[in-house]
Amino acid sequence: MKINKFLILTLIISLQTVFAQQNSVINNIQNVEGSSLVLPQIQVVPIKDSKTAKNYELYIELPEDYSENNNKTYPVLYYTDAVWHREMLSGAAEYMLENVILVGISWQKDVAEDLRQQYGAHASRFTDYSFWKKANPNHPKLKFGQAENHLAFIRNEVIQYVDNNYRTDPDSRSYFGYSLSGAFGAYIVLTQPDTFNNYILGSPLNKGLIPYLSEINTKLGASESNKNNPLHANVYIAYGTLEKEKDEPIDEYLELLKNRKNLSLSVQNKTMEGDHGTAFPRVAVESVAWLSSLMSHVSNTNNEISFWEIPHLNNAFVTTHPEDRKDGILVDTLAVNSKDRKAILKLSQEIFEGNHGSYDALLISHKNKLVFESYYKKGRINVPHGQASAVKAYTSLVLGRAIQMGYLTIEDLHKPLISFLKDIDPKKMTKGAEKITLHKALTMHGGLTIDRDKWKEIEKDSVRLKGQGLVQTLLEQSEPITNESQTYLYGNFNPMLVMTVIDAVVPGTAQDFIKTELLDKLGITNYKWSTHISGLPEAGWRASIMSRDMLKLGNLILNKGKLNGEQLISVDYLTKATSGIVKPTQDWVPKDYRYGYFWYQTRVNVGAKSYDTAFAWGGGGQRVIVIEELDLTIVISGHDGEDDKIMTQISEIIIRAFVTQ
């Protein structure tokens, strides 16, 4: 691509100025005689729009190994403004996305001569990509608003041709458009998002286009009935830092998409250094890297993006013979009968399709060996996944480690919690504060009763809550602690009471202790563990670890606290922690679940047999499930905010498969 031409061609797209691009191009083109460069890997295929009789060309570039792998299918990246975008996308894909078919869609080849003379070879882009039909007196020869027809051509003929003639993956289609063709892509996302799985929209919108998109959106929204099985797409929007005028319209566009009932999107919205022209190379390269991240279960980018910006995988990654990644996890092959194997693979596909909720990973370990590994949606093998309340169970293991090392004893679990905190003043505390023990806190029976609105104000005072000041303040603000108040109450106050004790009794800080005495020993290095306002590690949520590392924690339970022959966690403590001590009272907890020390416990029935099951459980679907009798550890990661009922399938399909092993 000649960047100087691109800079001239794509300065501004709006209803008033988009047409000025072609005049600059004509005035700056230098006619140079010479030979053409023939690129043998590019196939130029003529194609006619059967409804409009317009002629186009497809520039098809196949992966290097295409002819060598006759059974392999490939993702396809379609791009418009093909002459301008081909070289940059081809170069970026060669290094970051080599196993993809590139399909460039040309401008209309047989455009009327008067239009070609006035606007150049790219005249058709103004009509084909525009979704507004308002006439412009400055350009009376252009018939705007042909986006619907051009999209039909792409959907029904271009994609159909490519699928019929090449080994394509129909579940991994992507679109790239920049400037006006980026606006065309925004139109596709809004109107027929199932055309592609992934969209790259470079510098796509100006203020003048939003009213047209809003009108289209209103008509489409009126026909949507519910949110069942919404269409999903990954969308990457990027534009130059000097294009401040695009901030507001792009925000308005994203709000339109957000309010659509039948549309679910993973959106990454970025700015790149530069203006409309100079930002283009960065957008092309970084968007191709983004594409590669959603075509593989192994992330190849270190970009710090939020979990909700992670694009969905186009295809599930499922293996019955996991890779040895030299991460301390032993691997083997899934050895169950063919019927159970098929059932597990079928369940995996159903999970990917969202039939059981929004889940990102499913791992199975049998006899301390990983035998099944799968990733879906936002799941990546090397990216930490949010754990929500499963962090409570991990905090429990940290306490068990402190007991094993002698900083606490089993008997200490029933002593007043405040007896371990030397920096607090018992005289200022509510009556009955001494009734709170580690045992009570670990079983959610601390008995704190605090006005929530008042506490929200107190939380703004980080100095007051620093370190043991957190417990001091909680026990100052609580109503009296009584036998009646010490009933089951799920929340994060109790876990933070436990974390404060850990910090008080171990050498150094609780943060260092967690790292050196638990995570480092397990080989867990890629994680995020947030800090509470008190300055202590969070004890009940806001931590992320990789799914494989969740498996390590489960296997630690399975092996009764031993790791490579070392007793890492107290056996006596683990027995209590994973037993059913109390009955949870939340409406969303099944009636047969019990609660230990931040770990859940239940009996799982498989036919006539019943198995004791311990598990960590976090909102959205994080589970570390341990069935000692079957030598089985199962890990689930997810972001299901509504039902989170995967345990039925886990019991009936996965656990059942190992009953006879």
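- Distance check, rounded to the nearest 0.5 Å: OH of Y239 to CE of M272 gives 11.0 Å.
- Interatomic distance, S374 OG to I636 CD1, rounded to the nearest 0.5 Å: 7.5 Å.
- Note on ring orientation: taking the six-membered ring where Trp is involved, the planes of Y178 and F176 are parallel (angle under 30°, cut-offs 30° and 60°).
- Remark: side-chain polar atoms of D110 are paired, donor with acceptor, to backbone N or O of N55 under 3.5 angstrom.
- Summarising the geometry, atom CD1 belonging to I200 is positioned 11.5 Å from atom CD1 belonging to I237; distances are rounded to the nearest 0.5 Å.
- With sequence neighbours excluded, the residues satisfying side-chain contact (heavy atoms from CB on, under 4.5 Å) with S130 are W132, F144.
- A distance of 12.5 Å separates NE2 in H297 from CG in N315, rounded to the nearest 0.5 Å.
- Considering only residues two or more places apart in sequence or on other chains, Y175 meets the side-chain hydrogen bond (donor to acceptor under 3.5 Å, both in side chains) condition with T80.
- The ring pair (Phe, Tyr, Trp, His ring centres under 6.0 Å) check on Y187 picks up F131, with sequence neighbours excluded.
- The aromatic rings of W308 and H639 sit perpendicular to each other, their planes meeting at more than 60°, with 30° as the lower class boundary.
- Considering only heavy atoms from C-beta on, H385 stays 4.5 Å or farther from S544 through its side chain.
- N217 pairs by the side-chain contact (heavy atoms from CB on, under 4.5 Å) definition with L190, L256, R260, not counting sequence neighbours.
- A search for side-chain contact (heavy atoms from CB on, under 4.5 Å) contacts involving S174 returns L77, N198, L291, M295, not counting sequence neighbours.
- By the 30° and 60° cut-offs, the orientation of the rings of Y119 relative to F126 is perpendicular.
- Between T52 and Q146, the closest side-chain pair of non-hydrogen atoms is not below 4.5 Å.
- For the atom pair I381 CD1 and M546 CE, the distance stands at 8.5 Å (nearest 0.5 Å).
- Sorted by first and then second residue, the salt bridge (charged side-chain N to carboxylate O under 4.0 Å, His left out) pairs with a member in residues 181-207 read R155-D194, K207-E248, K207-E252; sequence neighbours excluded.
- Considering only residues two or more places apart in sequence or on other chains, R542 meets the side-chain hydrogen bond (donor to acceptor under 3.5 Å, both in side chains) condition with E538.
- Counting all heavy atoms, side chain and backbone alike, G540 lies closest to N492 at CA-OD1, 3.4 Å.
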Practice prompt. Dump the intermediate steps for side chain to side chain donor-acceptor pair (under 3.5 Å) on W455 and E459, then the final yes or no.
Written response: CA-CA 6 Å; W455 185 255; E459 282 185 312; 3.3 Å; yes
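- Ring centroid separation for the pair Y129 and F184 comes in under the 6.0 Å cut-off.
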Using residues 95-103 as the side-chain source, report each donor-acceptor pair under 3.5 Å to any protein atom, sequence neighbours left out, with the distance given to one decimal.
unit_1 : atom_1 : unit_2 : atom_2 : d
N99    : OD1    : K72    : NZ     : 3.4

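- Note on ring orientation: taking the six-membered ring where Trp is involved, the planes of H312 and H232 are parallel (angle under 30°, cut-offs 30° and 60°).
- In this structure K141 satisfies the side-chain contact (heavy atoms from CB on, under 4.5 Å) test together with D114, L115, Q118, sequence neighbours excluded.
- Screening residues 159-170 for salt bridge (charged side-chain N to carboxylate O under 4.0 Å, His left out) gives D163-R173 as the qualifying pairs, with residues at least two apart or on separate chains.
- Take E57 and apply the side-chain hydrogen bond (donor to acceptor under 3.5 Å, both in side chains) test, not counting sequence neighbours, and it matches Y59.
- With values rounded to the nearest 0.5 angstrom, K378 atom NZ is found 6.5 Å from I310 atom CD1.
- The shortest side-chain heavy-atom distance between N314 and P75 does not fall under the 4.5 Å cut-off.
- Here E255 pairs with nothing under the side-chain hydrogen bond (donor to acceptor under 3.5 Å, both in side chains) rule; sequence neighbours left out.
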